[in-house]
Amino acid sequence: VNLDTLLNLDDIEEVATKQISQKGWAYYYSASDDLFSKTFNNKVYRQILLRARVFVDCVNCDTSTSFLGHKVKVPIYVSPAAMARLAHPDGEWGIAQACEQYGAMQVISQNASMTPEQIVADANPDQVFGWQLYVQNERAKSEAMLVRINNLPQIKFICLTLDAPVPGKREHDERSKNVGANLPVRAAVQEDASVSKTSSDAKTPSPAKAMGVGQSLFWGTAADLTWKKTLPWLAQHTKLPIVLKGIQTHEDAYLASLHAPQVKAIILSNHGGRALDTASPAVHTLLEIRKYCPEVFDRIEVWIDGGIKRGTDVVKALCLGARGVGIGRPALFGLGAGGKEGVARVLEILKAETETCMRLLGVGRVDELGMHHINARAVERD
Ligand code: FNR
């Protein structure tokens, strides 16, 4: 395919769908139960309308910003998503190459199909990475991983995912469990020698029967994390700042902000609709925080993901107070459509759409965006 003929993220998904194996596609596309949250994550942005100011010089437009003090060229980052090599052999390394080209941040999944060392190997010195942790029942496994991550200077923070202590019921993924051969790629850290494979952990016996990709990746993930126990444990094993991913209420956003400065950011997310179906889209959580505890924005950064498909979606999230937005499936589908160039095309499209939106709004810099640029009445609640 000539990537230049793909004009938007739906075009890219369509091509990727034809090129990725059925099993890989089912894993990426899937979400829990009825896919309500997955679909609504995107639809909610259509309910927010833009308020453009005119008669403003919009020749210059600068999309650059920073995450946790690290400069990036776009307020868009690649969310942690497992198993990128199901889409293309370039895998997570290919995503890193595309992020370098567009000055975008990348959060590496704990279940990446390549090791963190391989993924950051060819990064340029200014490139910003985070590493996402699913704490394992066998804490020693997670501790061994943290030692490795602490030794990689490219990785600037630990992203602790909280919204999926157990996997959601993903029926597309489950239906494809017997399709084709076994999984062609595995999560690289599960293969790694520093992480023991011969676990005798009673809580995590080996899976006895075939299961979807999602369920098999979740095997061994701890469901007993708490504010009180887990943050002090993490502080013992890393000095890196913590980003809490999967915050879905203003109550938890506020609690997270009380843990600054160890916690430096939260990601409002419902896991792309893959955990709790009918969970609120992150935009609703953002509005709740604005209403009930706006001081959160002064204490920690607030990032958001789920359903981003257009530059206008990016801009609306920033207007509502998000520091930046994450993309999960779009990056994987970009890989599927054209390897690292496909991911670069995704970033190119989103950046160009974001710039066009900012110019048409009469805005030259991302820090000028605010509530005065949107009409969010349809999503604001009492
Ligand atoms: C994910 N996501 C995810 N999150 C995480 O913290 N660790 C992970 O390993 C994964 N793996 C994963 C795999 C796949 C195939 C998808 C689609 C998603 C969730 C991800 O980080 C993000 O929250 C959502 O993907 C955002 O929604 P969109 O952009 O896919 O709509």
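Just the heavy atoms: all of them, side chains too, but no hydrogens, waters or symmetry mates, feed the values below. Whatever order the structure lists them in is the order used to number ligands and atoms, beginning at 1.
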Ion pair check, D126 and K71, cut-off under 4.0 Å: no
Rounded to the nearest 0.5 Å, what separation is found between the NZ atom of K177 and the CD atom of Q215? 7.5 Å
Test of proximity, D305 against ligand 1: N or O pairs below 3.5 Å: yes
Quick test: of every protein heavy atom, which one is nearest to atom 8 (C) of ligand 1, and how far off is it to 0.1 Å? Y134 OH, 3.4 Å
Give the atoms of ligand 1, by number and element, whose distance to some non-hydrogen atom of P330 is under 4.0 Å. 29 (O)
Would you say Q110 has any N or O atom under 3.5 Å from an N or O of ligand 1, going by distance alone? no
Look at K169 together with D34 and state whether they make a salt bridge at an N to O cut-off of under 4.0 Å. no
Aromatic ring pairing F218/Y134, orientation class (parallel under 30°, perpendicular over 60°, tilted between): tilted
R345 bridged to E348 by N-O distance under 4.0 Å: yes
Part of Q132 with heavy atoms under 4.0 Å of ligand 1, whether side chain, backbone, both or neither: side chain
Any nitrogen or oxygen of G328, side chain or backbone, less than 3.5 Å from one on ligand 1? yes
If we set the cut-off at 4.0 Å for heavy atoms, which region of A164 has an atom near ligand 1: side chain, backbone, both, or neither? neither
Tell me the contacting part of R274 for ligand 1: side chain, backbone, both, or neither, using a 4.0 Å heavy-atom threshold, strictly below. side chain
Region of K245 engaging ligand 1 - heavy atom pairs below 4.0 Å: side chain
Region of L217 that comes within reach of ligand 1 [heavy atoms, distance under 4.0 Å]: neither
Charged N to carboxylate O below 4.0 Å: is that the case for R148 and E117? yes
Assign the ring pair Y29 / W25 to parallel, tilted or perpendicular, where the plane angle (0 to 90°) is split at 30° and 60°. parallel
min-distance protein heavy atom vs atom 11 (N) of ligand 1 -> A82 N, 3.1 Å
What residue and atom, counting heavy atoms only, is the protein's closest point to atom 17 (C) of ligand 1, and at what distance? R329 CG, 3.3 Å
For T161, is at least one N or O under 3.5 Å away from an N or O on ligand 1? yes
Out of curiosity, is L332 lining ligand 1, as in a heavy atom under 4.0 Å away? yes
What atoms in ligand 1 come closer than 4.0 Å to a heavy atom of G306? 26 (C), 27 (O), 31 (O)
Protein heavy-atom partner closest to atom 31 (O) of ligand 1 - residue, atom, separation in Å: G307 N, 2.9 Å
Aromatic ring proximity, centroids under 6.0 angstrom, Y292 and Y254: no
Assess the side chains of Q132 and T161: does a donor N or O sit below 3.5 Å from an acceptor N or O? yes
Side chains of R365 and S64: is there a donor and an acceptor less than 3.5 Å apart? no
Which of the atoms in ligand 1, numbered in the order shown and given with their element, are less than 4.0 Å from a heavy-atom of Y28? 15 (C), 17 (C)
Any N or O on G326 sitting closer than 3.5 Å to an N or O of ligand 1? no
At under 4.0 Å between heavy atoms, which part of P80 makes contact with ligand 1: side chain, backbone, both or neither? both
Do the rings of F333 and Y28 sit parallel, tilted or perpendicular, given the 30° and 60° boundaries? perpendicular
Quick one: is the NZ or CZ of R274 closer than 6.0 Å to the six-membered ring centre of Y27, and within 45° of its axis? yes
Please state which part of S109 comes within less than 4.0 Å of ligand 1, counting heavy atoms only: side chain, backbone, both or neither. side chain
For S269, counting its heavy atoms only, list the atoms of ligand 1 lying under 4.0 Å from any of them. 23 (O)
Under 3.5 Å, is there a donor on one side chain and an acceptor on the other for R299 and S257? yes
